[in-house]
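Within every chain, numbering begins at 1; the chains are lettered A, B, ... in the order of the sequence lines, protein sequences first and strands thereafter.
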There are 2 protein chains.
Amino acid sequence: MIKTKCKDILRNGQQVVTQSRCDVLCILSKSQHPMSVAELKQTLGKSSPNVVTIYRMLESFLDKGIVRRVPLRSSEALFEFTGFGDHHHISCIECHKIEEVDDCAVSGALKNALKKSNKFASITQHTFELYGVCKECTKKK
Amino acid sequence: MIKTKCKDILRNGQQVVTQSRCDVLCILSKSQHPMSVAELKQTLGKSSPNVVTIYRMLESFLDKGIVRRVPLRSSEALFEFTGFGDHHHISCIECHKIEEVDDCAVSGALKNALKKSNKFASITQHTFELYGVCKECTKKK
DNA sequence: TTCACAAATGCAACTCATTTGCGTTTATGA
DNA sequence: TCATAAACGCAAATGAGTTGCATTTGTGAA
């Protein structure tokens with residue numbers, strides 16, 4: 001994802017375009033896995049804005065649907081760029097490697113769930129996260 | 001769920017049986033929705049053990065698979081009794097009401113996911129959580 | 001029933017992710 | 001170019017969850 005693209009995304013989301021915001025979005029859009037705030041800061045390195053700024057930025061991106069919060073770890077939040085469409089994650093319980101998996105019948109499950117519910121009118125969001133053991137870690141044992 | 005039943009569950013899970021542990025498990029097993037530590041403490045009222053004790057207890061229950069951690073809120077962990085088998089949740093983004101929904105094709109999605117992955121050998125756990133607007137809140141608007 | 005030991009508990013202090021307040025700087029669009 | 005709203009940095013606060021340690025209690029063997 002090139003910088004100009006990031007700027008467009010920010011503008012479309014009515015976001016003020018600053019260097020920091022471009023940098024963060026750029027990193028997220030290139031990342032193969034959801035990232036924590038700490039990881040973002042580290043990747044940004046010396047040119048990183050204040051942690052607080054990253055938090056506020058992500059909050060703002062979340063509002064506009066530019067990023068999404070992934071509930072894979074209970075200790076810290078992970079964020080990923082939404083532009084790649086819907087997919088899910090398998091996380092290794094040994095080495096914490098994360099692999100992405102695409103839709104795989106979840107949309108069907110969603111419709112089903114709504115049909116079965118008698119209290120809900122709509123489903124606006126969902127998370128489907130898997131935990132397992134990767135082949136590497138399986139081999140080690 | 002009656003007290004004796006809770007004791008049995010604890011014993012089967014090689015858990016030391018104490019009053020506090022019975023109380024917590026009893027409350028969880030009666031609850032219609034996953035509960036936070038704070039909520040548990042409040043429900044236990046005056047006879048509640050120290051918060052730290054509740055944390056350690058739940059940690060221990062998690063180990064033995066007696067309870068499960070539900071990632072519905074990012075700010076605090078929710079716990080639910082596993083004895084009722086597998087199901088999922090829809091949480092209202094307005095009023096935070098939680099409804100339980102049963103399996104609805106998720107197991108199929110799981111098999112599918114594993115088949116598509118080329119890095120993972122097994123899936124040991126999964127979460128499927130839905131967010132939406134309940135009928136009540138829809139009406140209000 | 002008794003006894004020793006491992007496990008549970010309480011308390012205080014700590015860690016660490018995330019939030020808030022506030023004064024300053026910067027992007028935006030008129 | 002200028003006014004204003006938003007972003008930013010810093011410091012301090014919050015709040016969930018953890019850790020160390022001394023004390024109590026449940027458990028299984030004698």
(request) Could you tell me from which nucleotide to which nucleotide of DNA chain D, 5' to 3', there is an atom under 4.0 Å from chain A heavy atoms? (result) D/dA6 to D/dA11
(request) Kindly state which residues belonging to residues 61-79 of chain A come within less than 4.0 angstrom of DNA chain C, counting heavy atoms of the residue only, listed by number. (result) A/Ser75, A/Glu76, A/Ala77
(request) Measure the shortest side-chain to side-chain distance between A/Phe128 and A/Val101 over non-hydrogen atoms and say whether it is less than 4.5 angstrom. (result) no
(message) Within the structure provided, determine whether A/Glu136 and A/Cys95 are in side-chain contact (heavy-atom separation under 4.5 Å).
(response) no
(request) Please find out if less than 6.0 Å separates the ring center of A/His88 from that of A/His126. (result) yes
(request) Return yes if some donor-acceptor pair links the side-chain N/O of B/Ser91 with the main-chain N/O of B/Tyr131 below 3.5 Å, else return no. (result) no
(message) If the condition is side-chain contact (heavy atoms from CB on, under 4.5 Å), which residues does B/Leu44 pass it with, not counting sequence neighbours?
(response) B/Asp23, B/Val24, B/Ile27, B/Ser48, B/Pro49, B/Ile54
Output side-chain donor-acceptor pairs under 3.5 Å for residues 64-79 of chain A, partner residues at least two apart or in another chain, one line each.
{"from": "A/Arg68", "atom 1": "NH1", "to": "A/Glu80", "atom 2": "OE2", "distance (Å)": "2.6"}
{"from": "A/Arg73", "atom 1": "NH1", "to": "A/Glu76", "atom 2": "OE2", "distance (Å)": "2.6"}

(message) Taking side chain to side chain donor-acceptor pair (under 3.5 Å) as the cut-off, I'd like each qualifying pair that reaches into residues 49-59 of chain B, sequence neighbours left out, listed once.
(response) none
(message) Applying a 4.0 Å non-hydrogen cut-off, can you work out what A/Ser20 is touching in the nucleic acid: base, sugar-phosphate, or nothing?
(response) sugar-phosphate
(message) Measuring only between side-chain heavy atoms, which start at C-beta, is A/Phe120 closer than 4.5 Å to B/Leu130?
(response) no
(request) Report the residues that fulfil salt bridge (charged side-chain N to carboxylate O under 4.0 Å, His left out) with A/Glu94, sequence neighbours left out, ordered by chain and then residue number. (result) A/Lys141
(message) Just the rounded figure in Å: distance from P of C/dA17 to NZ of A/Lys41.
(response) 13 Å
(message) For the CD atom on B/Glu100, are there more than 12 heavy atoms of other groups (residues, nucleotides or ligands in this structure) within a distance under 6.0 Å?
(response) yes
(request) Mind checking side chain to side chain donor-acceptor pair (under 3.5 Å) for B/Glu129 and listing every partner two or more places apart, or none if nothing turns up? (result) B/His89
Which atom pairs, donor and acceptor, lie under 3.5 Å between side-chain atoms of residues 31-40 of chain B and protein residues at least two apart or in another chain?
{"from": "B/Ser31", "atom 1": "OG", "to": "B/His33", "atom 2": "N", "distance (Å)": "3.1"}
{"from": "B/Ser31", "atom 1": "OG", "to": "B/His33", "atom 2": "O", "distance (Å)": "2.5"}
{"from": "B/His33", "atom 1": "NE2", "to": "B/Glu39", "atom 2": "OE2", "distance (Å)": "2.9"}
{"from": "B/Ser36", "atom 1": "OG", "to": "B/Glu39", "atom 2": "N", "distance (Å)": "3.0"}

(message) Are the side chains of B/Ser60 and B/Gln15 in contact, using a 4.5 Å heavy-atom criterion?
(response) yes
(message) For DNA chain C, which residues of residues 49-57 of chain B approach it to below 4.0 angstrom with any heavy atom?
(response) B/Pro49, B/Asn50, B/Val52, B/Thr53, B/Arg56, B/Met57
(request) Could you list the residues that satisfy side-chain contact (heavy atoms from CB on, under 4.5 Å) with A/Lys119, not counting sequence neighbours? (result) A/Ser117, B/Lys97, B/Glu99
(message) Generate the contact string for nucleotides 25-30 of chain C. Rules: B means base contact, S means sugar-phosphate contact only, - means no protein heavy atom under 4.0 Å.
(response) --SS--
(message) What's the angle between the local helix axes at either end of the helix from C/dT1-D/dA30 to C/dA30-D/dT1, using five pairs per end and rounding to 10 degrees?
(response) 50°
(request) Please answer whether the main-chain N or O of B/Val16 pairs with a side-chain N or O of B/Arg21 as donor and acceptor at a distance below 3.5 Å. (result) yes
